[in-house]
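Only one structure is covered here, and it is reproduced in the block below.
Chain letters run A, B, ... following the sequence lines, proteins first, then strands; residues in each count from 1.
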Amino acid sequence: MEKLKTPAKWILTGLGLALLLCVSIRLEKSDQRRARMKTFQFDAADYARDFWDIGLPEVLSQSLEARTLIRLFNTDMNAAIEQGQTLGESRVHAYLLKGSGTIVTMDKKGIAVRLDESESGATVRILTGPFISGNAIRDASGLVNVSDFSDTMKFNRISSHINKIVVTEVIKPFLETSPEIGQQVTFFGAAEVAEDATEQTPFGSKDKHGKAHLLSIVPIRLVRN
Amino acid sequence: MFPVLVLFALLITGCGKKENPQASKKIAVVISTLNNPWFVVLKDAAKERAEELGYEAIVFDSQNSTGTEAGHFDTIIDGKYAAVLFNPTDSEGSIASVKQAKEAGIPTFCMDREISTSDVAISQILSDNYSGCVALGEYFVEKLDGKGTYVELLGLLGANPTKNRSEGFHSVVDNYPELKMVAKQTADFDRTKAMEVMESILQAHPDINAVFCGNDAMAMGAYRALVIAGKDNAVQVFGFDGARDVIEKIQEGKIAATGMQFPKRMARMAAEYADEYIKGKRDFPQKVPVAVELVNVENIDKYKAYGRQE
């Protein structure tokens, strides 16, 4: 190299740098390919399991009192919306909730629980049916970002597996304790609230068919006291 | 010394930098098909918003063909368009075209339908088909009281909305063992095909209680077949889109429900994102789901074709 004339040295150095830049660009593309391969091997059941065991317990402490959310929706909807998680552009908002209260009615799909320390005797419906649908827990947690998924089907299948965990690991064990009207329960859960339904019929009021509009909660933890 | 520096500069710029297409004032609006009124609304809204923002908007109809679509992207790249507002034909088959545009320095913004990758489009503004069909499935179960027989008409098999809608619907309905699906066939999101398919299915299964269709064009085709067979009062029809004729049929009590998508909102957002990108913004969410809302006879007064009442 010492014997090379200066212009030749410049040319070689320039060529080397240019080559390195091109290689860097290729390396970046390889990384992207690897990321795609990783996503390709995505397993929604495994993802849901990790979410349930590791991610979700860490955010449960951020749960809002269910009675507080009901009060907010019935008095200041904008404040209620600010407390929730909203997926993309939507008029449905998701919440992590907690509370305790007394079972007042029971049917095949759920239990109605009158909340403790609620001035207005607010009641919620905790879903305990044989299956759960929707995205309440996934979206309320704020832990799963749709943009991280190459295909939204993968994102949606996570909810399906989370819902199966709820049925087998929360609802079934709870029902095996033979809960009855008048008993006390404590819960953590998630709810999706549609602005329209709540604008039309505030929580606790009856709709035009005479059916009470209750906040429906998918249980995450549900125990008899 | 100077020629060496020039050579060096040329080598570096040759590694990837392209002529800046954002200097152009042309925006391409590429639509999977214009043979469906819903996509015409999407196209019109995208074009109108792009023009409001000061661009010349040129429309390309892919006619549900990824080959035709790829040809459009060649034209767009050659024409140095500033951006593409893109309704893909196929979630996998359309990726190469978007990638090609990206390599040419032309940003793509997907509308309504996604491509199954998250590293080539700048942003994808998508109907939340799965959640919309969860709500539709819950209403379907309620209307059928959890029992009966039904038919499902699927859209284009390669399109993600087809999979998302069907899976969302079945995530609810399959939990009811007394609800039996007797036939599941594709009608390619097409009204005429749906009518033909439904006519054929009705011959084998004349006593069904309901039909779930992956879009409103197919719902109208299925409904027409039921009218011809004299079964329109016995079979409940469920669609998806919020198209004008289905909204009218819900008002008349002829169709049970649909999932309202918001084509105008998605198209306007895509045009606004493109404008922001052209002006220098780079931080966009890769996927933006836009909620789909259940429309039925009980809340029809809140909706009109392709959206909510103002």
Toward chain A, the part of B:Phe284 with a non-hydrogen atom under 4.5 Å: neither
Donor on one side chain, acceptor on other, A:Thr152 and B:Asn164, under 3.5 Å: yes
Residue B:Met266 versus chain A: region with a heavy atom under 4.5 Å: neither
Side-chain donor or acceptor of A:Ser150 paired with backbone N/O of B:Thr117 under 3.5 Å: no
Which of B:Asn175, B:Val290, B:Val288 touches chain A most, by non-hydrogen pairs under 4.5 Å: B:Asn175
Any donor-acceptor N/O pair, B:Ser118 side chain to A:Phe149 backbone, under 3.5 Å: no
Engaged part of B:Asn299 at the chain A interface, taking heavy atoms whose separation is under 4.5 Å: neither
Part of A:Val92 lying under 4.5 Å from any heavy atom of chain B: neither
A:Lys109 atom NZ: more than 12 heavy-atom contacts under 6.0 Å: no
Audit row: A:Met153, B:Glu114, side chain to side chain contact (heavy atoms under 4.5 Å, CB included) steps and yes/no: CA-CA 11 Å; A:Met153 270 320 304; B:Glu114 74 180 325; 6.0 Å; no
Heavy-atom neighbours of A:Lys172 NZ exceed 12 at 6.0 Å: no
Distance, nearest 0.5 Å, that separates NZ of B:Lys163 from CG of A:Asp151: 5.5 Å
Members of residues 190-202 of chain A whose heavy atoms come closer than 4.5 Å to chain B: A:Asp196, A:Gln200
A:Ser160 and B:Tyr130: CA distance, side-chain angles, deciding distance, side chain to side chain contact (heavy atoms under 4.5 Å, CB included) verdict: CA-CA 11 Å; A:Ser160 176; B:Tyr130 182 92; 4.0 Å; yes
Enclosure of B:Gln309 CD (heavy-atom neighbours >12, cutoff 6.0 Å): yes
Contact winner vs chain A - B:Arg308, B:Glu293, B:Glu298, heavy-atom pairs under 4.5 Å: B:Arg308
Any donor-acceptor N or O pair under 3.5 Å, side chains B:Ser131, A:Asn135: yes
Engaged part of B:Ile115 at the chain A interface, taking heavy atoms whose separation is under 4.5 Å: backbone
Most chain B-contacting option - heavy-atom pairs closer than 4.5 Å, from A:Gly134, A:Ser133, A:Pro130: A:Ser133
Worked verdict on B:Glu167 versus A:Asn156 for side chain to side chain contact (heavy atoms under 4.5 Å, CB included): CA-CA 9 Å; B:Glu167 282 206 23; A:Asn156 290 324; over 6 Å; no
For chain B, which residues of residues 79-89 of chain A have heavy atoms nearer than 4.5 angstrom: A:Leu87, A:Gly88, A:Glu89
